[in-house]
*Asks:* 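For reference, the structure I am asking about is given below.
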Amino acid sequence: MRLVGPSGEQVGVVRTEDALRLAVEANLDLVEVAPNSNPPVARLMDYGKYKYESAQKAREARRNQANTQIKSIRIGLKIDGNDYNTKKSQAERFLNAGDKVKFDLRFRGREQSRPEMGVRLLSGLAEELAEISTVEAAPRADGRNMSMVLAPTRRKSEAKSDQRRRREAERENRRAKAAKRAAERNAKTSETENNAAATE
């Protein structure tokens, strides 16, 4: 069999018995990596460590793989200013998290005869959110409804890794503050003990 060393160096073609002896001497495992080649290829490695590292890589890949969702926000044509700002900030939160946002506008009564007002409202929302999103589906009427889809400019995996870094920084900050408080408490305690010892 063709033997590959632990660092990836080529040892050469050796007998199976010699390869097993080398594995025992090096305290490593002999793993067949290409059984169908001629001659078969085997590698000297720590198989437990190899399995652990490949599981870690698979876990990291799953963590970085994020499924983008479409979040739906319903609005009306006669929306109040505060409601408008609330819906806009909700959309910002979804877009910053890496999700798409679908605005659903429902026409009531005579509003159905004024679709241009709906287009104006949705286009205004798209303009205000232009820094963090792009229009994936322009405002489109469908019976009594009109919808528009905005896609985030950042990918979901980037947003998730940013959130993870921010959480870790906050956690580290809290730990540092707790350690500082504990050090101050210890300093006060030792100071009072020293004062008490000095008065005795």
*Asks:* Less than 4.5 Å apart, side chain to side chain, heavy atoms only: is that true for Leu20 and Thr16?
*Replies:*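 Of all side-chain heavy-atom pairs linking Thr16 with Leu20, at least one is under 4.5 Å.
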*Asks:* In Å, rounded to the nearest 0.5 Å, how long is the span from NZ of Lys87 to CG of Asp80?
*Replies:* 11.5 Å
*Asks:* Write down the atom of Ile79, the atom of Asp83, and the distance for their closest heavy-atom approach.
*Replies:* CG1-CB, 3.7 Å
*Asks:* Looking at Arg110, is its backbone amide N or carbonyl O close enough to the side chain of Ser113 to form a donor-acceptor pair, meaning the two atoms are under 3.5 Å apart?
*Replies:* yes
*Asks:* Please report the closest heavy-atom contact between Ser133 and Thr153, naming both atoms and the distance.
*Replies:* N-CG2, 3.7 Å
*Asks:* Any side-chain heavy atom of Glu116 sitting closer than 4.5 Å to one from Arg120?
*Replies:* yes
*Asks:* Hey, what do you get for CG (Asn145) to CZ (Phe103), rounding to the nearest 0.5 Å?
*Replies:*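 Asn145 atom CG to Phe103 atom CZ measures 15.0 Å (nearest 0.5 Å).
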*Asks:* What's the spacing between Asp99 CG and Leu150 CG if we round to 0.5 Å?
*Replies:*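 Interatomic distance, Asp99 CG to Leu150 CG, rounded to 0.5 Å: 12.5 Å.
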*Asks:* Taking all heavy atoms of Pro139 and all of Met146, pick out the closest pair and write down the distance.
*Replies:* CB-SD, 4.2 Å
*Asks:* Is Arg43 reaching over with its side chain to a backbone N or O of Pro6, donor-acceptor style, under 3.5 angstrom?
*Replies:*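 Yes, Arg43 side chain to Pro6 backbone: donor-acceptor pair under 3.5 Å.
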*Asks:* Tell me whether Leu3 is reachable from Val41 by hopping between hydrophobic residues (I, L, V, M, F, W, Y) whose side-chain heavy atoms are closer than 4.5 Å.
*Replies:* no
*Asks:* Give me the atom names and distance for the closest heavy-atom approach of Leu30 to Ala42.
*Replies:* CD1-CB, 3.8 Å
*Asks:* For Asn27, does the CG atom sit with more than 12 other heavy atoms under 6.0 Å from it, leaving out its own atoms?
*Replies:*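 No, CG of Asn27 has 12 or fewer neighbouring heavy atoms, counting only those of other groups under 6.0 Å.
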*Asks:* Checking side chain to side chain contact (heavy atoms under 4.5 Å, CB included) for the pair Glu168/Glu170: CA distance, chi angles, key distance, verdict?
*Replies:* CA-CA 5 Å; Glu168 287 171 3; Glu170 288 170 3; over 6 Å; no
*Asks:* Checking Ile73 against Val101 for the side chain to side chain contact (heavy atoms under 4.5 Å, CB included) test, could you report, in this order, the C-alpha distance in whole Å, the side-chain angles of both residues, the deciding distance, and whether it holds?
*Replies:* CA-CA 7 Å; Ile73 298 176; Val101 176; 3.7 Å; yes
*Asks:* Quick one: are Phe107 and Leu77 in side-chain contact, heavy atoms under 4.5 Å?
*Replies:*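 Counting from C-beta outward, Phe107 and Leu77 do come under 4.5 Å.
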*Asks:* When hydrophobic residues are tied together by side-chain contacts of less than 4.5 Å, even through go-betweens, does Val11 share a cluster with Met45?
*Replies:* no
*Asks:* Under 4.5 Å between side-chain heavy atoms, hopping through other hydrophobics if needed: is there a path connecting Leu44 to Tyr47?
*Replies:*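 No, Leu44 and Tyr47 fall in different hydrophobic clusters.
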*Asks:* Spell out, yes or no, whether Leu28 and Val31 are grouped together once hydrophobic residues are joined by side-chain heavy atoms under 4.5 Å, including indirect joins.
*Replies:* no
*Asks:* Taking the side chain as every heavy atom from C-beta outward, state whether Phe94 and Ile132 have any atom pair closer than 4.5 Å.
*Replies:*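 They are not in side-chain contact.
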*Asks:* Can you give me the closest heavy-atom contact between Ala151 and Glu136, atom names plus distance?
*Replies:*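 The answer is CB-OE1, 3.6 Å.
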*Asks:* Do you see a donor-acceptor pair shorter than 3.5 Å between the side chains of Gln90 and Lys88?
*Replies:*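 Their side chains do not contain a donor-acceptor pair, so the 3.5 Å distance test is not met.
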*Asks:* Measuring from Arg185:CZ to Thr189:OG1, what's the distance to the nearest 0.5 Å?
*Replies:*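 Interatomic distance, Arg185 CZ to Thr189 OG1, rounded to 0.5 Å: 8.0 Å.
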*Asks:* Any Lys/Arg nitrogen of Arg175 or Glu172 sitting under 4.0 Å from an Asp/Glu carboxylate oxygen of the other?
*Replies:*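 A salt bridge is present here (some side-chain N lies under 4.0 Å from a carboxylate O).
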*Asks:* Applying salt bridge (charged side-chain N to carboxylate O under 4.0 Å, His left out), can you list everything that pairs with Arg140, at least two apart in sequence or on another chain?
*Replies:*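 Expected list: none.
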*Asks:* Could you tell me if Ser147 and Asp104 have a donor-acceptor pair between their side chains, going purely by distance under 3.5 Å?
*Replies:*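 Judged by distance alone, the side chains do not pair up.
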*Asks:* Taking Lys100 for its side chain and Val149 for its backbone only, find out whether a donor-acceptor pair lies under 3.5 Å.
*Replies:* no
*Asks:* Counting only heavy atoms not in Asp142, do more than 12 sit closer than 6.0 Å to its CG atom?
*Replies:* no
*Asks:* What's the separation between atom CD in Glu53 and atom NZ in Lys49, rounded to the nearest 0.5 Å?
*Replies:* 5.0 Å
*Asks:* Mind checking whether Val13 and Val4 sit in one hydrophobic cluster, side chains of I, L, V, M, F, W, Y counted as touching below 4.5 Å?
*Replies:* no
*Asks:* Looking only at heavy atoms, what is the nearest atom pair of Ala126 and Val135, with distance?
*Replies:*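 So the two residues come closest at CB-CG2, 3.8 Å.
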*Asks:* Are there over 12 heavy-atom neighbours, none belonging to Arg144, within less than 6.0 Å of that residue's CZ?
*Replies:* yes
*Asks:* Around Glu131, counting heavy atoms of other residues, nucleotides and ligands shown, do more than 12 lie under 6.0 Å from its CD?
*Replies:*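 Open: at most 12 neighbouring heavy atoms sit under 6.0 Å from CD of Glu131.
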*Asks:* Side chains of Arg106 and Glu111: does their closest heavy-atom pair fall under 4.5 Å?
*Replies:* no
*Asks:* Ignoring hydrogens and angles, tell me if any N or O in the side chain of Glu128 forms a donor-acceptor pair with the backbone of Leu125 under 3.5 Å.
*Replies:* no
*Asks:* Distance-only, no hydrogens or angles: does the Ser37 side chain make a donor-acceptor pair with backbone N or O of Pro39 under 3.5 Å?
*Replies:*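 Yes, Ser37 side chain to Pro39 backbone: donor-acceptor pair under 3.5 Å.
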*Asks:* Salt bridge (charged side-chain N to carboxylate O under 4.0 Å, His left out): which pairs involve residues 23-37, sequence neighbours left out?
*Replies:* Arg21-Glu25
